[in-house]
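In what follows, chains carry the letters A, B, and so on, assigned in the order in which the sequence lines appear, proteins first and then strands, with residues in each chain numbered from 1.
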Amino acid sequence: MIIKVQDLGKEFNGTTALDGISFRVKTGEVFGLLGPNGAGKTTTVKIMSTMLLPDDGIVEIGGYDVLRRPQKVRAMVDIITARDKFYRRLTAYQNMSFFSRLYGVESWKDKMEDYGERLGLEKKDYEKRLADYSTGMRQKLNLVRNLIRDTPILFLDEPTLGLDPVSSRKFRSLLKDIMDREEKTVIFTSHNMFEVEELCERIAILNKGRITSVGEPRELKKRIFPKRLVEFTLAKEDVLNLRDNAIDHIEKKGNKVRVYLEDGDRIHEVIEKIVNNVRVSDLSVKEPTLEEAFIRHTEEDERDQEEATSWM
Amino acid sequence: MDVKEYFTVLWAFVVRDWQRRWSYKLNFIAMLLYPIVWVSVFGVLGRTIDDAGGTGAPGGFSMYMVTGIITWRFIRVGFFDSSWSIRWEQHIGTFKNIYMLPNHLMIPVSATALSGFTVSMLNFVEMWLVAELVFGISLNMTVPSFLFLVLAWLSVIGFGFAIAGVAILYKEIQAVFTVIFFSFQFFCGVFFPVEALPSAAQYISRAIPITYALNGIRTSITHGYIPTTDLIVMPVAGLIGLAIGLITLQLCLKKALRDGKLERY
């Protein structure tokens, strides 16, 4: 395990930001921290990258304790956020020359041009001042800066925040490409379920400073939201009279019908009953999105917490 | 980090700062002209007083004024660059990328101070040339007197580090220190002798190392030697200042790490 987080706790002025979270990440794994705003994602990343001291718990990065060997940890990790900045008055070349000297990287120019080309930056862009860069271009250059530094662990803290949907999709595609090639261990934080589902191999769902679930995206969806959904269009003159204990509930809007199944494993039996019972068209089976699972999970978690506190 | 790497990093900061200065062309020209205007104004003022009978200052009052202004400018740039270093990176949002290096935070702070030193040197040469060529004030700057000037610069760097640390936690604090530092012009004998101050104020003057720096520089230029008191006070004050600066920076850094105020993103 390259990252170990054990019983991590942090408070800010009496408010609990992290309430004893634990997780482990394997070398080369892309691990997602998913949660709403204020869940504790950025606080976790800041502690793991030695930018914040924890109140409780142990964090080890590459075998080094973040409290005892912060410099060793910093040599192994880098963070990319949407808020990262460059020197606006300097050109991309000048910026990268400065940071490369700091990182002790030689032949940075070749690397910059090579990585930049893969990310869709052109040589003429490097002569421009950063003040003339769009948010998307700046974020690409930010990724180039990290690739030049080449740390084995990368923290991506909501890197697409502020990007438009098209740039965001391009950026994710670039990340995916790089993650496939570079063998980096990545911690990806986001409140965007789609991003996390697309990029991460495993996910921890954070809510109010606690990890409420950890697992692969598919497994999490099944665990949190086991319902599956059968959608179809009913012939006008037919009346649906469907009963099965695998069915959770049925929604009807005109002749459009949605059948929610409590037991997804019996889906074939239910479909058979439907097609034998009525005339249908446009029949399709849908899985819940991670977003649906996430919303339901956080709602349930908050309800559980409220019930627990109402007894106190 | 070995010595070569350390100097490579320091050099990177110096190059970056000069590139940044050059990117603001008018500011760059102003940076070159400002000390010339400054030394000219005080040179003329000193000469006017000398023409009116003088003050009895060795070498004339114009010499007194010019050496005061050159030394003050030298010290002031060092102090402000080191104290502003971290706050500036935080302000523009590049601090995280510098902090994430496996190096001590002293590197960017000392590198910015070194970058400021190059500006001090340039301004020093300009002012010296104007004093010599325009006002005919012969500043007999020997190697020991120049080294003493560098020592004076070093003596305030430590206090700059301390303020750099405090500014991580309290962003407004730098304005307070700026006022305090500028009040030193009044107490330390930049424009007039300390003896001209009320006796109570003279106690404050003697507690500020810059007073000894100015006295040492003036004496070395006019009499060719540096008074023993100044020679002792300056390194001691510099070491104490550096110790205070490093301890304060370390304590403030730890508090910022605990409170989550290091990057503020």
Name the one of [options] that satisfies side-chain contact (heavy atoms from CB on, under 4.5 Å) with [X]?
| X | options | result |
| --- | --- | --- |
| B/E126 | B/I70, B/V39, B/I36 | B/I36 |
| A/P54 | A/D7, A/L18, A/V5, A/L8 | A/L8 |
| A/V73 | A/V66, A/I153, A/L67 | A/V66 |

Counting neighbours of [atom1] on [X] that are heavy atoms of other residues, nucleotides or ligands and sit closer than 6.0 Å, is the number greater than 12?
| X | atom1 | answer |
| --- | --- | --- |
| B/K254 | NZ | no |
| B/L133 | CG | yes |
| B/K4 | NZ | no |
| A/E11 | CD | yes |
| B/F7 | CZ | no |

Task: Side chain B/S145, main chain B/M141, donor-acceptor under 3.5 Å - done: no

TODO: Indicate yes or no for a side-chain donor-acceptor contact from A/K4 to the backbone of A/M1 under 3.5 Å, with no hydrogens or angles considered.
DONE: no

Open item on the list: Which atoms of A/V77 are under 4.5 Å from chain B, going by heavy atoms: the side chain, the backbone, both sets, or neither?
Closed with: both

Task: Region of A/K10 in contact with chain B, defined by heavy-atom distances below 4.5 Å - done: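 Contact with chain B is through the side chain of A/K10 alone.
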
Enumerate by number any residue of [range] whose heavy atoms lie under 4.5 Å from heavy atoms of chain B; in the absence of such residues, state 'none'.
| range | result |
| --- | --- |
| residues 55-65 of chain A | none |
| residues 138-149 of chain A | A/R145, A/R149 |
| residues 85-100 of chain A | A/K85, A/F86, A/Y87, A/R89, A/L90, A/Q94, A/F98, A/F99 |

Answer yes when [X] and [Y] have at least one side-chain N-carboxylate O distance shorter than 4.0 Å, and no when they do not.
| X | Y | answer |
| --- | --- | --- |
| A/R129 | A/D132 | no |
| A/K41 | A/E158 | yes |
| A/K208 | A/D19 | no |

Open item on the list: For a side-chain hydrogen bond (donor to acceptor under 3.5 Å, both in side chains) check, start with the C-alpha distance between B/D81 and B/T112, then their side-chain angles and the critical distance, and finish with the verdict.
Closed with: CA-CA 6 Å; B/D81 278 351; B/T112 314; over 6 Å; no

Task: Pick from A/T151, A/D84, A/L53 with the largest number of heavy-atom pairs that fall under 4.5 Å of chain B - done: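 The option with the most such pairs is A/L53.
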
Open item on the list: Looking only at heavy atoms and a cut-off of under 4.5 Å, which of A/T50, A/T43, A/N13 has the most pairs with chain B?
Closed with: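 Ranked by heavy-atom pairs under 4.5 Å with chain B, first place is A/T50.
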
Open item on the list: At a heavy-atom distance under 4.5 Å, which candidate from B/A111, B/G93, B/A256, B/S23 has the highest pair count against chain A?
Closed with: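 Winner by heavy-atom pair count: B/S23.
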
Open item on the list: As an exercise: rank B/T8, B/N97, B/D259 by heavy-atom pairs under 4.5 Å with chain A and give me the winner.
Closed with: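 Counting heavy-atom pairs under 4.5 Å, the top option is B/N97.
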
- [ ] Please check if the distance between the ring centroids of B/F74 and B/F117 is under 6.0 Å.
- [x]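 B/F74 vs B/F117: aromatic centres under 6.0 Å.
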
Open item on the list: Within residues 11-20 of chain B, which residues come under 4.5 Å of chain A, heavy atom to heavy atom?
Closed with: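 If one takes a 4.5 Å heavy-atom cut-off, the residues of residues 11-20 of chain B near chain A are B/W11, B/A12, B/F13, B/V15, B/R16, B/Q19, B/R20.
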
Task: Partner of B/W72 under ring pair (Phe, Tyr, Trp, His ring centres under 6.0 Å), chosen from B/F191, B/F186, B/F181 - done: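 It is B/F181; the other options fail the test.
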
Task: Plane angle bin for A/F31 and A/F23 - parallel if under 30°, tilted between 30 and 60°, otherwise perpendicular - done: parallel

- [ ] Just say parallel, tilted or perpendicular for the rings of B/Y34 and B/W38, cut-offs at 30° and 60°.
- [x]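 Ring orientation of B/Y34 relative to B/W38: parallel.
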
Open item on the list: Quick check: do B/M31 and B/Y24 have side-chain heavy atoms less than 4.5 Å from each other?
Closed with: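 Side-chain contact under 4.5 Å: no.
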
